[in-house]
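Proteins come first, then strands; the chains are lettered A, B, ... in the order of their sequence lines, and each starts at number 1.
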There are 2 protein chains.
Amino acid sequence: MQPCVAAYHGRVTRPLRADSERTMRAILDAANQVLAENPAATLQQIADAAGVARTTVHRRFASREALMEALVLDMLAQLEAVIDDSRPETAPPLVALHELSAGYITVKGRWRLTDVHPTEFEHGEAIERIKARNRALFQRLADTGTIAPDTDLEWAVRVFFALLHEAIERRAVTGNSPDTLAALVTSTLVGGLRGV
Amino acid sequence: MQPCVAAYHGRVTRPLRADSERTMRAILDAANQVLAENPAATLQQIADAAGVARTTVHRRFASREALMEALVLDMLAQLEAVIDDSRPETAPPLVALHELSAGYITVKGRWRLTDVHPTEFEHGEAIERIKARNRALFQRLADTGTIAPDTDLEWAVRVFFALLHEAIERRAVTGNSPDTLAALVTSTLVGGLRGV
DNA sequence: CAAACTCGCTACATTGGTGTTGCAACTCAG
DNA sequence: CTGAGTTGCAACACCAATGTAGCGAGTTTG
């Protein structure tokens with residue numbers, strides 16, 4: 001009977017050993033990457049991508065569902081960290097938008113996973129918090145006249161995320177820097193294809 | 001041993017009987033809808049959604065893969081029909097863009113499926129043709145100065161599809177008409193959130 | 001160094017999705 | 001109406017993915 005500490009996905013009772021921590025990260029990163037390309041990917045495929053035996057995945061995560069849960073939590077945590085860094089409440093809104101874009105693009109995690117968890121309860125809170133902070137930034141953009149004052153904020157946020165998704169795909173092809181792509185995203189978002 | 005005519009996914013050797021045709025459509029539509037929400041959906045779930053026994057699905061489509069194939073072909077056909085209707089080569093480009101948007105939105109099919117088939121050969125041709133016609137329309141938009149002349153056409157097309165995707169999601173929530181949403185898409189695409 | 005822990009590996013049980021077959025009841029086309 | 005074709009249903013074989021368990025070898029921690 002193994003301790004199976006990690007079944008609590010993140011909320012560890014006692015600290016993980018160094019190697020265990022490494023394995024955990026490797027699995028989460030691999031899962032993130034593999035599942036983005038194929039949502040129906042096997043635990044075996046994930047294990048292979050992580051350079052780990054399949055049984056180890058089961059040791060760390062009680063079930064496939066538990067792994068998904070951990071993935072989402074991990075991703076949300078990374079997201080909030082990115083938002084914190086961009087200081088959307090205090091920095092000049094256009095600057096914050098650029099920083100936020102670059103951060104999102106750097107955290108290469110795909111967003112297809114966001115399609116999975118809206119049915120969950122636990123994360124709903126975190127997601128709402130993230131959405132609210134994004135909406136607040138766009139409110140500031142509207143107030144300062146950077147975008148039309150009567151902009152539908154819900155639509156604005158959705159378009160923002162859609163553009164980020166495309167930018168991330170583009171990154172894989174062109175190899176552009178997050179900063180370049182962030183500029184492209186903000187430019188397209190604010191001024192459309194008509195340009196400045 | 002049943003005829004299994006439909007295993008040839010569309011390229012029928014002899015015409016289908018009326019009821020068979022109906023079933024076929026029901027399955028394709030149901031699959032389109034169910035798979036959009038859950039790419040790993042069971043054939044059983046698809047059959048249920050189509051109001052059909054699971055074995056019937058197998059009778060019409062040799063395998064799960066064959067069903068996917070048929071889905072893609074069906075969707076591509078609908079797409080080309082929409083493009084034809086919008087006359088992107090002859091109509092005023094902005095008008096064509098609006099028509100195209102409304103058409104795409106009406107053909108409610110989700111685009112998550114587009115993530116599946118880029119690995120295929122047979123469809124690559126059709127997809128390239130569709131992409132080319134879209135690119136041509138955006139070229140005309142650039143030539144007439146509706147969008148910046150130096151716009152990256154590849155980026156433009158991708159953004160266009162991303163906006164369409166969001167518009168389709170929005171339609172499910174707000175119930176807006178395809179025309180209203182098409183206006184929103186073209187406006188956002190050309191002028192961004194800054195408005196006209 | 002030594003105890004505690006982790007990993008890879010092998011083997012196995014279980015489950016759920018896939019695909020097949022045959023038959024009786026029904027529906028369509030001519 | 002009649003024959004050909006189609007469907008639902010039940011029963012079945014098959015397989016791949018999931019999840020479990022134990023052991024020996026290797027790693028970390030104190």
From C-beta outward on A:H58, which listed nucleotide comes closest to its side chain: D:dT20, C:dT18, D:dT27?
D:dT20

Candidates D:dT20, C:dC9, D:dG8 - which lies nearest the side chain of A:R59:
C:dC9

Check whether any side-chain nitrogen or oxygen of B:R22 sits under 4.0 Å from OP1 or OP2 of C:dC28, and answer yes or no.
yes

From C-beta outward on A:L43, which listed nucleotide comes closest to its side chain: C:dG8, D:dT7, D:dG19?
D:dG19

Rounded to whole Å, how long is the line connecting atom CD1 of B:I46 with atom P of C:dG17?
12 Å

Nearest to side-chain heavy atoms of B:T55, which nucleotide of C:dC28, C:dT6, D:dG8
D:dG8

Using whole Å, report how far CD of A:Q45 lies from P of D:dA17.
7 Å

In whole angstrom, give the distance that lies between atom CG of A:D48 and atom C1' of C:dC9.
14 Å

Round to a whole Å and report the spacing from CG of B:D19 to P of D:dT6.
7 Å

N/O donor-acceptor pair under 3.5 Å between B:T42 side chain and B:Q44 backbone
no

Name of the residue among A:T56, A:T55, A:D48 meeting side-chain contact (heavy atoms from CB on, under 4.5 Å) with A:V52:
A:T56

Once you round it to whole Å, what is the distance between C1' of C:dG17 and CD of B:E65?
16 Å

Going through the distances and angles, do B:F160 and B:L163 end up as a side-chain contact (heavy atoms from CB on, under 4.5 Å)?
CA-CA 5 Å; B:F160 178 47; B:L163 290 180; 5.6 Å; no

D:dT28 OP1/OP2 closer than 4.0 Å to side-chain N/O of A:R17
no

Can you find a side chain N or O atom of B:T56 that sits less than 4.0 Å from OP1 or OP2 on D:dT7?
no

Round to the nearest Å and state the distance from B:F61 atom CZ to D:dT6 atom C1'.
14 Å

5' priority, DNA chain C, between B:R64 and A:T23 [closest heavy atom]
A:T23

Take the protein atom CG of B:L67 and the nucleotide atom P of C:dG19, then report the distance between them rounded to whole Å.
10 Å

Using whole Å, report how far CD of A:Q44 lies from P of C:dT10.
12 Å

So, OP1 or OP2 of D:dA17: does either fall under 4.0 Å of a side-chain N or O from A:R54?
no

Hey, does the side chain of B:N32 reach the backbone of B:L28 with a donor-acceptor pair shorter than 3.5 angstrom?
no

Polar side-chain atom of B:R140 near backbone of B:A91 as donor-acceptor pair, under 3.5 Å
yes

